[in-house]
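Right, one structure below, let's go through it.
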Protein chains: 2
Amino acid sequence: MTKKTHSIGELARELDITTRTIRFYEDMGLLSPERRGQTRIYTPADRVRLKLILRGKRLGFSLAESRELIELYNPDADNNQTQLKALLGKIAEKRAQLLRQLHDIEVMQIELDEAERRCQDAMRTADPSTLSGESA
Amino acid sequence: MTKKTHSIGELARELDITTRTIRFYEDMGLLSPERRGQTRIYTPADRVRLKLILRGKRLGFSLAESRELIELYNPDADNNQTQLKALLGKIAEKRAQLLRQLHDIEVMQIELDEAERRCQDAMRTADPSTLSGESA
DNA sequence: CCCCAAGTTGACGTTAACGTAAAGTGCGGA
DNA sequence: TCCGCACTTTACGTTAACGTCAACTTGGGG
């Protein structure tokens with residue numbers, strides 16, 4: 001059975017971040033691992049949270065935004081109807097933001113296509129004297 | 001004919017950023033508008049560059065990355081074959097990065113779906129006493 | 001028992017991306 | 001002519017997200 005908990009070092013190595021980063025996220029309230037004495041112990045759930053944060057980072061989310069996201073995934077038992085409605089609203093917001101990013105990516109992909117085309121055109125029409133030595 | 005150049009203030013208003021930001025981008029080498037005396041004059045091309053930077057920001061790109069992107073779109077006449085190959089390589093990198101982001105967005109959308117579902121479940125099963133006053 | 005690797009808590013340093021305040025320039029209108 | 005507004009440069013301040021020591025403690029191996 002795949003070991004259920006991790007040390008901070010293990011997590012850091014696996015996710016390719018530093019322990020400092022993990023502790024920082026804890027300071028920011030994004031994680032709250034258990035303790036055995038002083039030592040932090042991370043559950044699979046903590047690992048999931050971390051990966052969620054890192055995914056957020058890859059999309060340009062701030063830690064505050066990632067914290068919001070994490071909270072969205074937690075309809076805690078103590079949420080009343082009003083709070084739940086607010087949650088649904090925030091979910092819709094995030095969704096809209098993702099759609100905007102999708103659009104931005106599409107546009108950027110097209111621009112990259114054009115850039116590549118121009119680049120290849122330039123290679124074909126380039127002065128052959130600038131060839132940098134692959135012919136004997 | 002739609003006026004061809006813009007003042008820094010016009011651009012700032014249109015793109016919803018500050019003039020400080022625009023000047024900062026210039027300091028970072030992302031823009032180099034013409035001058036009429038001291039005053040900066042922005043061409044449509046400058047405007048395009050700016051929008052490109054802002055799109056990059058929405059996707060979490062740093063200004064350095066945006067500068068790279070801008071350079072990708074400029075197969076300057078003075079690029080030799082070696083440089084052009086390097087450009088194609090960078091274009092491929094950016095493409096890969098965008099694909100990663102696309103994947104991240106997909107995953108996140110699914111997670112939002114689940115979050116929304118859980119949230120609505122919670123609303124249905126919630127203690128009706130927490131209803132905050134919409135029934136007469 | 002002692003050491004070392006891996007953990008811990010401070011605390012200060014650093015980088016990116018601007019904000020903000022100060023002090024001056026240039027120009028179209030009353 | 002003087003006002004006001006938009007522009008300019010210079011320079012210091014700020015926030016987020018860590019990096020980088022320093023000075024501990026702690027559990028297991030020789």
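When reading the values below, keep in mind they use all heavy atoms of this one structure, side chains included, and skip hydrogens, waters and symmetry mates. Every chain is numbered from 1, with letters handed out A, B, ... down the list of sequences.
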Can you name the atoms? Protein N/O to nucleotides 5-8 of chain D N/O, anything below 3.5 Å, with the distance.
residue: D:dC7; atom: OP1; partner: B:Ser7; partner atom: OG; Å: 2.9
residue: D:dC7; atom: OP1; partner: B:Gly9; partner atom: N; Å: 3.1
residue: D:dT8; atom: OP1; partner: B:Arg40; partner atom: N; Å: 2.7
residue: D:dT8; atom: OP1; partner: B:Arg40; partner atom: NE; Å: 2.9
residue: D:dT8; atom: OP2; partner: B:Arg23; partner atom: NE; Å: 3.1
residue: D:dT8; atom: OP2; partner: B:Arg23; partner atom: NH2; Å: 2.8

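- Taking CG of A:Leu59 as the reference point, atom CZ of B:Arg58 lies at 14.0 Å (rounded to 0.5 Å).
- Here the side chain of A:Glu10 pairs a donor or acceptor atom with the backbone of A:Ser7 at under 3.5 angstrom.
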Under 3.5 Å, N/O pairs linking protein and nucleotides 16-23 of chain D:
residue: D:dA17; atom: OP1; partner: A:Leu63; partner atom: N; Å: 2.9
residue: D:dC18; atom: OP1; partner: A:Lys57; partner atom: NZ; Å: 2.9
residue: D:dC18; atom: OP2; partner: A:Tyr25; partner atom: OH; Å: 2.7
residue: D:dC18; atom: OP2; partner: A:Lys57; partner atom: NZ; Å: 3.3
residue: D:dG19; atom: OP2; partner: A:Thr18; partner atom: OG1; Å: 2.7
residue: D:dG19; atom: OP2; partner: A:Thr21; partner atom: OG1; Å: 3.3
residue: D:dG19; atom: N7; partner: A:Arg20; partner atom: NE; Å: 3.3
residue: D:dG19; atom: O6; partner: A:Arg20; partner atom: NH2; Å: 3.0
residue: D:dT20; atom: O4; partner: A:Arg20; partner atom: NE; Å: 2.9

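- Checking side-chain atoms of A:Gln83 against main-chain N and O of A:Asn80 turns up a donor-acceptor pair under 3.5 Å.
- A:Arg49 places a side-chain N or O within donor-acceptor distance of the main-chain N or O of A:Leu30, the cut-off being under 3.5 Å.
- In this structure, CG of A:Leu31 is placed 12 Å from P of C:dT8, rounded to the nearest angstrom.
- A salt bridge links A:Arg35 with A:Glu26: at least one charged nitrogen is closer than 4.0 Å to a carboxylate oxygen.
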| field | Stepwise side chain to side chain contact (heavy atoms under 4.5 Å, CB included) test for A:Glu65 and A:Leu69 | value | CA-CA 6 Å; A:Glu65 286 174 309; A:Leu69 272 177; 6.0 Å; no
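- Counting heavy atoms from C-beta outward, A:Ile53 and A:Phe61 have side chains that stay 4.5 Å or more apart.
- What separates CZ of A:Arg36 from C1' of D:dG28 is a distance of 13 Å, to the nearest Å.
- Checked by atom type and distance alone, the side chain of A:Thr21 never pairs as donor or acceptor with a backbone atom of A:Ile17 at under 3.5 Å.
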